[in-house]
Amino acid sequence: MNTKPYVDQHKDRFINELIDLLKIPSVSADPTHKNDVIRASEVIKESLKKAGCDHVEICETPGFPIVYGEKMIDPKLPTVLVYGHYDVQPPDPINLWDSPPFEPVIKKTALHPDGAIFARGACDDKGQMYMHVKAMEYMTANNELPCNVKFMIEGEEEVGSESLGWFLERNREKLANDVILISDTGMISKDVPSVTTGLRGLSYVEVEVTGPNRDLHSGLYGGAVANPINVLCDMIAQLHDDNHHITIPGFYDKVEELSKEERAEMAKAPFSQEAYNKALDIAEEDGEKGYTTNERNSIRPTLDVNGIWGGYTGEGAKTVIASKAYAKISMRLVPDQNWHEITELFQNHFESIAPASVKVKVTPHHGGTAYVTPIDSLGYKAASAAYEDTFGKTPIPQRSGGSIPIVALFEKELDSKSILMGFGLDSDAIHSPNEHFGIWNYLKGIETIPHFYKHFTEMSK
Ligand code: BES
Ligand code: MN
Ligand code: MN
């Protein structure tokens with residue numbers, strides 16, 4: 001199998017098709033973009049048809065539709081189920097973008113001398129999902145599709161995949177497969193390919209602290225009543241101790257501890273703390289005592305404030321004690337923490353540390369279970385062989401700090417393993433202003449994916 005000539009020959013079209021998709025602001029979190037999200041689903045459906053799926057459909061759900069496509073060539077052959085998402089994160093803060101988020105441009109960067117496409121969703125996940133559509137086109141156009149394939153592309157990943165959970169429960173048969181293939185993660189670097197073997201779980205909550213029943217003059221009342229913003233900051237500060245351990249009682253009870261051997265294995269992945277700090281322009285890294293940076297961001301649970309607001313934030317100064325203060329808090333979880341339990345522990349603890357001078361309300365949002373996949377499965381071996389074919393190197397297994405909550409549910413509902421072949425780089429700025437995806441990475445992904453199908457089918461014999 002030699003995928004490169006076809007990819008080289010069609011690369012301009014592959015890039016332009018992706019650019020057209022990136023122009024659609026399919027922001028699932030923002031109700032004003034509802035029609036754009038739906039429009040994106042229709043574009044995906046058409047692209048799957050053109051790529052050679054025999055049957056494509058838009059499956060309605062209580063939320064955004066799921067695009068389904070398939071090509072079944074022989075029931076005796078294995079079936080690969082491709083998962084991806086066509087929704088994107090909100091582009092905010094817009095003023096920090098160098099070019100508008102939904103007007104894709106190609107620019108060269110130090111890490112992407114061949115150019116990168118700058119747009120919201122370029123890497124997460126439109127670009128990576130579309131690699132699979134183009135890999136499908138390659139396989140059907142060249143008569144090299146060795147097995148059955150199903151596509152399931154959703155539009156609610158960035159808001160918790162609720163409708164996909166609903167869809168899985170109702171369509172186990174339709175979605176039956178031998179392996180699930182996903183590109184929605186990253187790799188270590190362009191010359192160090194890696195396969196993601198773990199994802200963290202998540203518990204996401206919002207907190208509201210209420211002090212006096214109305215906003216007050218900070219001179220007339222300041223010092224005499226609790227300021228909810230001061231109190232919220234104080235409460236948040238109490239959630240970690242001096243060693244950056246999380247102080248919620250019971251939080252670590254079910255955390256899987258890795259053996260010395262496993263940690264030594266992890267430490268072999270190439271990593272420079274100095275380059276890491278330099279890329280982020282920080283004088284020093286920071287995190288839980290006793291763990292390395294790569295451990296802190298993958299095998300350890302965390303608690304972070306994602307947003308905090310209240311009071312006056314407009315131009316100039318206003319002297320006021322606000323009635324309310326708010327924060328959005330996420331906890332990244334690891335095996336075998338249960339996100340429902342953790343949410344409850346957080347809620348009880350947060351309420352218990354509130355001083356009597358304020359009222360506290362905790363509202364749970366979405367969550368998800370962590371995932372770890374073994375490296376001796378057929379799927380992992382096929383992925384490894386695919387990278388060997390196109391990178392000339394054996395990929396390194398690496399647990400990621402990000403979350404794709406639906407992956408644990410796939411295992412539960414569909415009883416199959418997910419293989420996470422990510423082609424993005426950490427520096428691609430997903431969820432940030434100036435998100436981008438390297439052209440090299442995009443094309444390399446399209447070249448590599450058909451090799452996975454080939455090896456998986458051969459190894460299944
Ligand atoms: N594709 C990301 C997750 C990801 C990125 C995992 C890079 C590993 C490496 C996904 O779209 C995402 O952003 N997930 C959310 C969780 C979701 C429930 C909103 C996350 O990790 O914050
Ligand atoms: Mn994603
Ligand atoms: Mn994302």
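We count ligands from 1, going down the list as the structure has it; atoms in each ligand are counted the same way. Not measured: the values here are computed from a predicted model. All heavy atoms count here, side chains included; hydrogens, waters and symmetry mates do not.
- By the 3.5 Å distance cut-off applied to N or O atoms, Q89 is not counted among the residues near ligand 1.
- Cation-pi geometry between R296 and Y291 is not satisfied (NZ or CZ under 6.0 Å from the ring centre, within 45° of the ring normal).
- Every pair passing ring pair (Phe, Tyr, Trp, His ring centres under 6.0 Å) that includes a residue from residues 404-427 is listed here, sequence neighbours excluded: Y83-F410, Y387-F423.
- Around the CD atom of E162, the shell of radius 6.0 Å holds no more than 12 heavy atoms that belong to other residues, nucleotides or ligands.
- Contacts with ligand 1 closer than 4.0 Å are made by side-chain heavy atoms of R332 only, the backbone lying farther away.
- Residue-ligand proximity, H85 to ligand 1, at heavy-atom distances under 4.0 Å covers atoms 11 (O).
- With respect to atom 15 (C) of ligand 1, the closest heavy atom belonging to the protein is S403 O, 3.6 Å.
- Pairs passing the salt bridge (Lys or Arg N to Asp or Glu O under 4.0 Å) check and including a residue from residues 107-134, sequence neighbours excluded, read E17-K134, R120-E435, K134-E137.
- In this pair, H436 and F118 present their aromatic rings parallel. The plane angle is below 30°, not in the 30 to 60° band.
- With sequence neighbours left out, the side-chain contact (heavy atoms from CB on, under 4.5 Å) criterion links A370 to P335.
- Nearest protein heavy-atom contact of atom 4 (C) of ligand 1 is D184 O, 3.5 Å.
- In terms of protein heavy-atom proximity, atom 6 (C) of ligand 1 is closest to G402 CA, 3.6 Å.
- Between E57 and H55, the side chains place a donor N or O and an acceptor N or O closer than 3.5 Å (distance only, hydrogens not considered).
- Between F271 and Y276, a ring centre-to-centre spacing shorter than 6.0 Å is recorded.
- Residue-ligand proximity: D125 is placed with every non-hydrogen atom at 4.0 Å or more from ligand 1.
- Between F456 and F452, the ring planes lie parallel to each other; the angle is under 30°, not in the 30° to 60° tilted range.
- Residue, atom and distance of the protein heavy atom nearest to atom 17 (C) of ligand 1 are E157 O, 3.7 Å.
- The nearest protein atom to atom 19 (C) of ligand 1, hydrogens excluded, is given as E158 O, 3.5 Å; this is a heavy-atom distance.
- Close approach of ligand 1 to H366 (heavy-atom distance below 4.0 Å) involves ligand atoms 18 (C).
- Using a 4.0 Å cut-off between heavy atoms, I430 contacts ligand 1 through its side chain alone, with no backbone atom that close.
- Residue contacts with ligand 1, taken as heavy atom pairs separated by less than 4.0 Å, involve T185 via backbone and side-chain atoms alike.
- Ring orientation note: the planes of Y138 and Y6 are nearly perpendicular, at an angle over 60° on the 30°/60° scale.
- By the criterion of a separation under 2.8 Å, the protein N/O/S atoms near the Mn ion (ligand 3) amount to D124 OD2, E158 OE1, E158 OE2, H431 NE2.
- Using a 4.0 Å cut-off to heavy atoms of S400, the atoms of ligand 1 that qualify are 8 (C), 9 (C).
- The part of P405 lying near ligand 1 is the side chain, judged by heavy-atom distances below 4.0 Å.
- When R300, R399, R200 are each tested for a salt bridge (charged side-chain N to carboxylate O under 4.0 Å, His left out) with E256, only one passes: R399.
- The shortest separation from a heavy atom of H431 to ligand 1 is under 4.0 Å, placing the residue in contact.
- Residues T197 and T373 bring no donor and acceptor atom of their side chains to less than 3.5 Å of each other.
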Could you give me the CA-CA distance, side-chain angles and deciding distance for V27 and D87, then say whether side-chain contact (heavy atoms from CB on, under 4.5 Å) is met?
-> CA-CA 6 Å; V27 181; D87 65 321; over 6 Å; no
